[in-house]
Novice: 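Attaching a single structure in structure tokens format; questions to follow.
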Amino acid sequence: MNTPPILRRLTKRAQFLAVRQGARAVRSHVLIEARRREEAGAIGVGFTASKKVGGAVARNRAKRRLREAARQLLPQHGQAGVDYVLVARQSTPEAPWAALLDDVGNALIRLRADLETGRPHAPKKRASSAPKTPTESD
RNA sequence: CCAGUCGGCCGGACGGCCGCGGGCGCAAGCUGGAAACGGCGCGUUCGAGGAAAGUCCGGGCUCCACGCGGAUACGGCGGCGGGUAACGCCCGCCGAGAGCAAUCUUAGGGAUAGCGCCACAGAGAACAGACCGCCCGCCGUCGCCCCUUCGGGGGCUUUGGCGAGGUAAGGGUGAAACGGUGGGGUAAGAGCCCACCGCGCCGACCGUAAGGAAGGCGGCACGGCAAGCCCCGUCGGGAGCAAGACCGAAUAGGGAUGCGAUGGCCCCGCAAAGGGUACGGCCCAUCCGUGGGAGCGCAUCCGGGUAGGUCGCGAGAACCAUGCGGCGACGCAUGGUCCAGAGGAAUGGUCGUCACCGCGCAAGCGGAACAGAACCCGGCUUACAGGCCGACUGGUAUU
RNA sequence: GCCGCGGUAGCUCAGUGGUAGAGCGCACCCUUGGUAAGGGUGAGGUCGAGAGUUCAAUCCUCUCCCGUGGCA
């Protein structure tokens, strides 16, 4: 963990769709999705804001704040080899900065726990590999 | 000072710390690479708007179509003159309308080129019409008066009926009813006549023009809708940077060449058997035979093209200053400046000071609009906290 | 980013320059011992919003709002 973690941005639509199949953590100001990639290495991170958040100005602002929060917190709480997608919610542009940081950090910690403990079964349930492998019992 | 009208401008400022995107540069350092060069890093510089928005017009640019030109169809525009690359935009002016005024609004060609529509109400609605009413005539009638040869006649008045009579002033309907007011006139009325107003025609003169207009003539006729069809004038080929150009993986498929394997199926040639025969080894060719092709496999190469990538992509109808021309839109000249360019998309986080607004005696607390370039430019439209400047109008006060 | 289509009753849709309609649904009544079906009656509309043209606009024109589809 003392090796400097390399952040890599997710840019392609396919990457975002893949992360949707992983674990997720919802907080009042943010929704974070995470999924372990096949190959290890850098921390992947992407940001997204739908039109529900607001106009172009509000969406840009939400993504900027999420980007800054990720810049501060992801090196500590993120895991190498995992892709994260931070999704803006309606309160993201106007939320107090401390509360937003709290939500992001909290969600990242929770996701790390989920990925480590629940990795054998929990992620695979939703994983995109499900269609290929025979469907497990629910 | 109060109320109002118009035009122009701004859209918080400065500074710490940590970060972001583009350009340029880089001695050393880390890293990839054979190298060229690149990544990290370091330095430096630039980094959203007045609407970046809506995508409603006009252009540039690109591709497609098309001999030029013109016509038709379809669509846009529509007072006149000017500005402009162009416009449906802007400026000035004209006409019409609103306002005490400053000023504002105005899709504003043609209704005797033609077609169409004008509901309901109303008597009548587009070559108009006559319900009530008013008047006249005829016949009757209540009352009064006059004349009388006593049969009746005439006049005034009340009222009723009839009329292929007059009239359109009044009532009433309607968005709109073949001018309005007053007077004369008449049986009653009427542009029937007159005055003024309105309307129509002509029009000296003024203006580049739209148009204005002294004056004259005409008793008055020609309703509205063309953002209904249409006519006239004028403009327009279509699509759009997801245009378009270039590079181009994996997989599948296409083509060329070579090699290999060829049992069957398919196609072509030969013709032994077989069959036909006009008796010419002339004709036919289902299996077997034989030669070839196609098909099959492998290799190499070629072209299209998907994912993806590169370009298109910003020195411009650019901006700033000054001067000159113009009422103005704008133009010209000189000098200066370089000013965003991504591709899940760059301006954020935090702290401080000042300025603005609200609350509060105060310390202080809270607020700060509309909104994010995506090929570029000129307009229009729409959204918007707060503030600044200038010009003008009306009122009030003072002089 | 560019281009197109649509908005009428709770729902699905007609409609035309002068009256706003149909089917389903809803309410009440009849029918039935009681429902369903059937029959009858009725309620329910800023015709997405605002301007303009017109005597008159759901309709014609312009601007805005919302929804929806296509284009590499």
Novice: Atom CH2 of A:W97 to atom P of B:rC351: distance rounded to whole Å?
Specialist: 12 Å

Novice: Could you measure between the two C1' atoms, the one in B:rG387 and the one in B:rG50, and give it in whole Å?
Specialist: 16 Å

Novice: How about A:V26 and A:R89: do any of their side-chain heavy atoms sit closer than 4.5 Å?
Specialist: yes

Novice: Might you confirm whether atom CZ of A:R27 has over 12 heavy atoms from other residues, nucleotides or ligands at distances under 6.0 Å?
Specialist: yes

Novice: Rounded to whole Å, please give me the gap between CG in A:L66 and C1' in B:rC20.
Specialist: 15 Å

Novice: Where do A:G105 and A:L73 come nearest, in terms of heavy atoms and distance?
Specialist: N-CD1, 3.6 Å

Novice: Just how far, in rounded Å, is P of B:rG19 from CG of A:L74?
Specialist: 16 Å

Novice: Return the nucleotide paired to B:rC89: Watson-Crick means purine N1 to pyrimidine N3 with N6-O4 or O6-N4, wobble means G-U with N1-O2 and O6-N3, both under 3.5 Å.
Specialist: B:rG83

Novice: So what's B:rG122 paired with, Watson-Crick or G-U wobble, going by both distances under 3.5 Å?
Specialist: none

Novice: With syn defined as a glycosidic angle within 90° of 0 and anti as the rest, where does B:rA214 land?
Specialist: anti

Novice: Measure CG/A:N60 against P/B:rG349 and give the value in whole Å, please.
Specialist: 12 Å

Novice: Classify the glycosidic conformation of B:rG50 as syn or anti, calling it syn when the angle lies within 90° of 0.
Specialist: syn

Novice: Rounded off to whole Å, could you give me the CZ-to-C1' distance for the A:R61 and B:rC20 pair?
Specialist: 15 Å

Novice: In whole angstrom, give me the gap between the C1' atoms of B:rC376 and B:rC104.
Specialist: 37 Å

Novice: Is A:V53 close to A:T92 at the side-chain level, that is, under 4.5 Å between some pair of heavy atoms?
Specialist: no

Novice: Quote, to the nearest angstrom, the C1' distance that separates B:rU103 from B:rG7.
Specialist: 12 Å

Novice: With a 4.5 Å heavy-atom cut-off, do A:F47 and A:R65 have their side chains touching?
Specialist: no

Novice: Under a 3.5 Å limit for both distances, which nucleotide forms a Watson-Crick or G-U wobble pair with B:rU234, could you say?
Specialist: B:rG76

Novice: I'd like the P distance from B:rA98 over to B:rA391, given in whole Å.
Specialist: 33 Å

Novice: If you check the A:R71 side chain, which of B:rG372, B:rC18, B:rG349 turns out closest?
Specialist: B:rC18

Novice: Please determine, for the side chain of A:V57, which listed nucleotide (B:rG344, B:rA371, B:rG19) has the closest atom?
Specialist: B:rA371

Novice: Can you identify which nucleotide, out of B:rG349, B:rA346, B:rA373, has its nearest atom closest to the A:R67 side chain?
Specialist: B:rA346

Novice: Closest nucleotide of RNA chain B for A:T48 versus for A:Q72: which of these residues is on the 5' side?
Specialist: A:T48

Novice: Look through every strand shown and name the nucleotide pairing with B:rG67 as Watson-Crick or G-U wobble, where both distances are under 3.5 Å.
Specialist: none

Novice: Taking any strand in view, what nucleotide pairs with B:rC296 in a Watson-Crick or G-U wobble way, both distances under 3.5 Å?
Specialist: B:rG260

Novice: Go ahead and name the base partner of B:rA3; Watson-Crick or wobble counts if both distances stay under 3.5 Å, otherwise write none.
Specialist: B:rU393

Novice: If the glycosidic angle is within 90 degrees of 0 it's syn, otherwise anti, so just tell me which one B:rG291 is.
Specialist: anti

Novice: Can you check B:rG151 for me, syn or anti if syn means within 90° of 0?
Specialist: syn

Novice: Quick check for you: among B:rG19, B:rG349, B:rA373, whose closest atom lies nearest to any side-chain atom of A:R65?
Specialist: B:rG349

Novice: Using O4'-C1'-N9-C4 for purines and O4'-C1'-N1-C2 for pyrimidines, with syn meaning within 90° of 0, is C:rC5 syn or anti?
Specialist: anti

Novice: Between B:rG22 and B:rG39, how many Å separate the two P atoms, rounded to a whole number?
Specialist: 10 Å

Novice: Are A:L86 and A:I109 co-members of a hydrophobic cluster defined by side-chain heavy atoms under 4.5 Å apart?
Specialist: no

Novice: With a 3.5 Å limit on both atom pairs, tell me what B:rG352 is paired to, counting Watson-Crick and G-U wobble, or say none.
Specialist: B:rC14

Novice: Taking only the P atom of each, what is the distance from B:rA371 to B:rG224 in whole angstrom?
Specialist: 49 Å

Novice: Roughly how far apart, to the nearest Å, are B:rA340 and B:rA315 at atom P?
Specialist: 8 Å

Novice: Could A:R71 and A:E68 be called an ion pair, given the rule that one side-chain N must be under 4.0 Å from one carboxylate O?
Specialist: yes

Novice: Now, which nucleotide makes the Watson-Crick or G-U wobble pair with C:rA37, with each of the two distances under 3.5 Å?
Specialist: none

Novice: What integer distance in Å separates A:R64:CZ from B:rG349:P?
Specialist: 8 Å

Novice: If I pick the C1' atom on B:rC117 and the same atom on C:rG50, what distance separates them, to the nearest angstrom?
Specialist: 29 Å

Novice: Between B:rG344 atom P and A:K63 atom NZ, what is the distance in whole Å?
Specialist: 10 Å

Novice: Figure out the CZ/C1' separation between A:R59 and B:rG343, and round it to whole Å.
Specialist: 15 Å

